[in-house]
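Notes follow once the structure below has been shown.
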2 protein chains.
Amino acid sequence: MPVTERFNNLDQAKQRKILAAAVEEFAEQGFMQASMNRLVHKLGIAKGSLFQYFGSKEGLFRFIFEHAVDLVRQSLRQVKRDTADADFFLRIRRSLAAGVAFIDRHPQVYQIYLKMIFQEKFPYRTEFLQQVHLFSAEYLTPLVEAGIERGELRADLDVATTVFLLDAVLDRFLQAYSVSFLDAGMGIYRAGEDQVKERIERVIEVLRQGLGSSEADPAPRSGADQKGSKRRHV
Amino acid sequence: MPVTERFNNLDQAKQRKILAAAVEEFAEQGFMQASMNRLVHKLGIAKGSLFQYFGSKEGLFRFIFEHAVDLVRQSLRQVKRDTADADFFLRIRRSLAAGVAFIDRHPQVYQIYLKMIFQEKFPYRTEFLQQVHLFSAEYLTPLVEAGIERGELRADLDVATTVFLLDAVLDRFLQAYSVSFLDAGMGIYRAGEDQVKERIERVIEVLRQGLGSSEADPAPRSGADQKGSKRRHV
DNA sequence: TCCTAGAATGACCACCTGGTCACTTTGCTG
DNA sequence: CAGCAAAGTGACCAGGTGGTCATTCTAGGA
């Protein structure tokens, strides 16, 4: 029996209420700064009860965390299925839109995720980051490989670099959607559905076509380092 | 007189020692979780002294914070000057390399920056994010505009979208350099100087050329929105 | 040598933390 | 209704927090 046996015997409504309040607390405060006292007060239940249910603060977090991971996994599988035979760029746009939709449905879960990335003292942080890396690799790599095979992507693309680039842009788009001042003034933060869709198209289109003008293309490397020898200033 | 008068009268060595320890504490713990008691213990000075110097925990943070902002501003100005008349992609590569060099010299300052982005309760967080946004706008926007004018970038690029994309990629590269599992397996995390340089070239080159194959290029729009209704292209 | 201005000090304060456990309440069974 | 196991409770604990301030120390001038 897990520590949470007692909690599982509660009626669904109470369970949901407790979980919702706990998710809110962790989303707003992070792990270390979250307070069991405050949580208990918000819920109007006794502190002892909460500890009977989950054993410890970390136990509560683990419970919530696993729930959240499930949600993400589910969501990812769904998108992958739904877009299976679309062309590469449509799939990417759809994935990004799905990301935004996920944040709309579970904003606090996303908040916790963001806090975990750079706040070292979260429990399970390392395992979690590994998992996320795996998700992204398992999701994007075959997508890119299929895109190359189908001729939708340049044949000479390095897969790892491309995955990194996509990861960077997708992640930042979602961050810009839920954190102010990260959208470089292009109106992504908390934008409406239509605007989000339009911004997604803009960004992905630039990514597809590239920044460079078609003239002056080749030989990009010569002269990459003028001062010769090492440089380490700034 | 600022609150820090007493601190300024200390000899340089002691000042540096205190600042270094404080930066370390904030970098490791964030603001809320940083402990004045622990800091004082690390330094071997009395708690009362530290509070005489800076008035409060927030006062200490402000002092360090302003120091850090100065460092960044200085660094940015330098890069801008050093690369003023290079071509667009070289400037970008140089800027990214300068970012990596900055992290090498001030890893803890960068740590604090990362924590501030997603941890809401940092003092000055909002002003800080605005500042960063301004930096990025003031730095990248003219760079992109010049690139378009010189014909190095596609003439039909939307400037805001391009700046967003660059911001996303540059930021993520630096994050990947200093946080594990964010580099999508392409070997950026704590990489050596040469490897960093090579990875920068790879990433920027893909960004320049774009992902799309040159065939199948035009009409990217048809079928982009199966559900019909409005579309708001690029 | 003495005196004193100003710096250094750490015991102390009110408050908060995660966690415990003896006690009370609840609700089912016989 | 009695008995009893399980669930609920909150006062309590040790230990941490940012912050204060009466006291002690110290360095330099007379």
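Sequence lines set the chain letters: A, B, ... in the order given, protein chains first and strands last, and positions in each chain run from 1. What you are looking at is a predicted structure, and each value in this text was computed from that prediction instead of being measured.
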ask   = Closest heavy-atom contact between B:Gln15 and B:Leu10?
value = NE2-O, 2.9 Å
query = Along DNA chain D, 5' to 3', what are the outermost nucleotides having an atom less than 4.0 Å from a heavy atom of chain B?
reply = D:dT17 to D:dC21
Rounded to whole angstroms, how far apart are [atom1] on [X] and [atom2] on [N]?
{"X": "A:His41", "N": "C:dT17", "atom1": "NE2", "atom2": "P", "value": "11 Å"}
{"X": "A:Gln33", "N": "C:dC16", "atom1": "CD", "atom2": "C1'", "value": "10 Å"}
{"X": "A:Leu39", "N": "C:dC16", "atom1": "CG", "atom2": "C1'", "value": "16 Å"}
{"X": "A:Gln52", "N": "C:dT20", "atom1": "CD", "atom2": "P", "value": "10 Å"}
{"X": "A:Phe51", "N": "C:dG18", "atom1": "CZ", "atom2": "P", "value": "7 Å"}
{"X": "A:Lys57", "N": "C:dT17", "atom1": "NZ", "atom2": "P", "value": "9 Å"}
{"X": "A:Glu25", "N": "C:dT17", "atom1": "CD", "atom2": "C1'", "value": "12 Å"}
{"X": "A:Phe54", "N": "C:dG19", "atom1": "CZ", "atom2": "P", "value": "13 Å"}

query = What about the rings of A:Phe102 and A:Tyr110, do their centers lie closer together than 6.0 Å?
reply = no
Return no unless some side-chain N or O of [X] is found under 4.0 Å from OP1 or OP2 of [N].
{"X": "B:Lys47", "N": "C:dG10", "result": "no"}
{"X": "A:Ser35", "N": "C:dG18", "result": "yes"}
{"X": "B:Tyr53", "N": "C:dA7", "result": "no"}
{"X": "A:Asn37", "N": "C:dT17", "result": "yes"}

ask   = Taking only residues two or more places apart in sequence, or in another chain, which ones meet A:His67 in a side-chain contact (heavy atoms from CB on, under 4.5 Å)?
value = A:Leu19, A:Phe63
ask   = Does A:Met36 or B:Leu10 map to a spot on DNA chain C nearer the 5' end, using the closest nucleotide for each?
value = B:Leu10
key: 5′-ward residue of the pair B:Gly48/A:Arg38 relative to DNA chain C   = B:Gly48
Should the ring pair [X] and [Y] be called parallel, tilted or perpendicular, given that the plane angle runs from 0 to 90° and is split at 30 and 60?
{"X": "A:Phe31", "Y": "A:Phe122", "answer": "tilted"}
{"X": "A:Phe65", "Y": "A:Phe128", "answer": "perpendicular"}
{"X": "B:Phe7", "Y": "B:Phe54", "answer": "tilted"}

ask   = Just checking, any donor-acceptor pair under 3.5 angstrom between side chains of A:Glu5 and A:Asn9?
value = no
